[in-house]
Amino acid sequence: MKSNVLTLAMVFICTCAYVQTGWATAENGEGDFYWSGAVDTDFENAGNWCYGSPTGAPPEVPPKNYDNIVHVYFVDGLTDNKVVNLTRSRSIQRALFVNSADWVLVGAFTLTLKQIIVSGAVTNTMSCSVKTGNATTWSVEKGGQIVFTAGTYHDNNITFGGGGEYVWEKGMDGYSGNRYVMVTGDSLLRSETSSFFRGNNPAAYITLNSRGARLQYKTTVAAAKAKFGLTANGAAGIVNGYNTRSYALQAVDIGDGFVEVSLLSIATSMMVQ
């Protein structure tokens, strides 16, 4: 009998410890946060979030300003207002748009992210400035799209994958050094300007490392071929730059002043801006 009482007591203590740990995590601003917009559009208002699941209660504090163990989710069914206002510069580990379209993150501040994940054939927009976190990997599912209207700043290595589309209306800024921008799978990077990079890193580069990886920007086929050292589509070209290798590319006029450069071989190529 004493043994059973002891066992029940131990279970009760362990259960309370587990609940307390979960509660403390929410209070510390770490874990999974789901946007409800229940109060207003302010990212920093804890009342606008559900903690742990779409049906969770509001947390004690908003997501922590921290680039680890902080994941924010944007899903359908919680609000009709999909405008989220960034009212301070902050860091989080991961922003996930889960089969949900037409979200717009706004604000005259900077959001630092290790990951953006877009699942489903949906389009979402980052109208606040975005900075890449350390060891950044972003993923947009094939058929999906993420649009950056205020530009991004990359001072860390970043990989764009998932097979979807990444679109910049103003290009990217950032440190060129030994940082890389890598495009994998069938992913597309598109710039609405004549260059992917602007400002303080005109010599930065993009790596296409998978067959089907594509770049689109405003230029001419002749200029694109000259940039990549191509004599003809499908020919091997060589670009002088960091970790130069030979590759087979094609440059095609896709209309409206844009050219698409795509990787035909599996070898790595470098784009020098």
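Asp80 CG: 12 or fewer foreign heavy atoms inside a 6.0 Å radius.
Contact annotation: the side chain of Val167 approaches that of Glu192 to within less than 4.5 Å [non-hydrogen atoms, C-beta and beyond]. Between Leu113 and Thr136, the closest side-chain pair of non-hydrogen atoms is not below 4.5 Å. Residues Glu141 and Val118 have side chains not in contact (no heavy-atom distance under 4.5 Å, counting atoms from C-beta outward). The shortest side-chain heavy-atom distance between Arg88 and Leu86 does not fall under the 4.5 Å cut-off. Taking the side chain as every heavy atom from C-beta outward, Lys64 and Arg90 never approach each other to under 4.5 Å. Residues Trp138 and Val130 meet the side-chain proximity criterion, which asks for heavy atoms closer than 4.5 Å. Counting only heavy atoms from C-beta outward, the side chains of Val147 and Thr123 approach each other to under 4.5 Å. For the pair Val83 and Val106, the minimum side-chain heavy-atom distance is below 4.5 Å.
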Could you give me the CA-CA distance, side-chain angles and deciding distance for Asn68 and Gln93, then say whether side-chain hydrogen bond (donor to acceptor under 3.5 Å, both in side chains) is met? CA-CA 5 Å; Asn68 199 16; Gln93 182 180 35; 3.3 Å; yes
Assess the residue pair Thr159 and Thr184 against the criterion (side chain to side chain contact (heavy atoms under 4.5 Å, CB included)); give the C-alpha distance rounded to whole Å, side-chain angles, the decisive distance to 0.1 Å, and a yes or no. CA-CA 7 Å; Thr159 299; Thr184 64; 3.7 Å; yes
Dump the intermediate steps for side chain to side chain contact (heavy atoms under 4.5 Å, CB included) on Tyr34 and Leu78, then the final yes or no. CA-CA 9 Å; Tyr34 291 76; Leu78 296 181; 4.3 Å; yes
Show the numbers, then the answer: is there a side chain to side chain contact (heavy atoms under 4.5 Å, CB included) between Val72 and Phe43? CA-CA 10 Å; Val72 297; Phe43 190 104; 4.1 Å; yes
Take Thr132 and Thr152 through the side chain to side chain contact (heavy atoms under 4.5 Å, CB included) test and state the conclusion after the steps. CA-CA 8 Å; Thr132 61; Thr152 57; 5.7 Å; no
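Between the side chain of Tyr166 and the backbone N or O of Val140 there is at least one donor-acceptor pair closer than 3.5 Å. In this structure a side-chain-to-backbone donor-acceptor pair under 3.5 Å is present from Ser89 to Thr110. Thr112 places no side-chain N or O within donor-acceptor distance of the main-chain N or O of Ser91, the cut-off being under 3.5 Å.
The two residues Asn48 and Ala38 come nearest to each other via the heavy atoms OD1-N, 3.4 Å. Of all the heavy atoms in Cys128 and Leu111, the pair that sits closest is SG-CB, 4.3 Å. The shortest non-hydrogen separation linking Gly162 to Ser139 is CA-OG, 3.7 Å. In terms of heavy atoms, Phe33 sits closest to Pro63 at CG-CG, 3.7 Å. Of all non-hydrogen atoms in Asp186 and Arg214, the two that sit nearest each other are O-NH2, 3.1 Å. Contact detail for Gly47 and Pro58: the closest heavy-atom pair is CA-CB, 4.4 Å.
A distance of 5.0 Å separates CZ of Phe97 from CG of Asn124, quoted to the nearest 0.5 Å. Here CG of Asn99 is found 4.0 Å from OG of Ser119. Values are rounded to the nearest 0.5 Å. Rounding to the nearest 0.5 angstrom, the gap separating the CG atom in Asn85 from the OG1 atom in Thr41 is 4.5 Å. Here the OG1-NZ distance, from Thr193 to Lys218, works out to 8.5 Å after rounding to the nearest 0.5 Å. To the nearest 0.5 Å, atoms CD1 (Ile92) and CD (Glu30) are separated by 13.5 Å. To the nearest 0.5 angstrom, Phe109 atom CZ is 9.5 Å from Glu44 atom CD.
Separation of the Trp168 and Phe160 ring centroids falls under the 6.0 Å cut-off. Taking the ring centroids of Tyr73 and Trp103, they lie at or beyond the 6.0 Å cut-off.
Using a cutoff of 4.0 Å between basic side-chain nitrogens and carboxylate oxygens, Lys82 and Asp76 are scored as salt-bridged. A salt bridge does not link Arg190 with Glu260: none of the charged nitrogens is closer than 4.0 Å to a carboxylate oxygen.
Ile254 and Leu188 are members of different hydrophobic clusters when ILVMFWY side chains are connected at heavy-atom separations under 4.5 Å. Both Val221 and Tyr217 belong to a single network of hydrophobic side chains, linked directly or stepwise wherever heavy atoms of I, L, V, M, F, W or Y lie under 4.5 Å apart. Under the 4.5 Å side-chain heavy-atom criterion for ILVMFWY residues, a single connected hydrophobic cluster contains both Trp49 and Tyr51. Note on Ile117: it clusters hydrophobically with Val75, by side-chain heavy-atom contacts below 4.5 Å among ILVMFWY residues.
The closest side-chain donor-acceptor pair between Thr125 and Ser127, if any, does not fall under 3.5 angstrom.
Val39 belongs to no hydrophobic cluster with other residues, because no ILVMFWY side-chain heavy atom falls under 4.5 Å from its own, directly or through intermediates.
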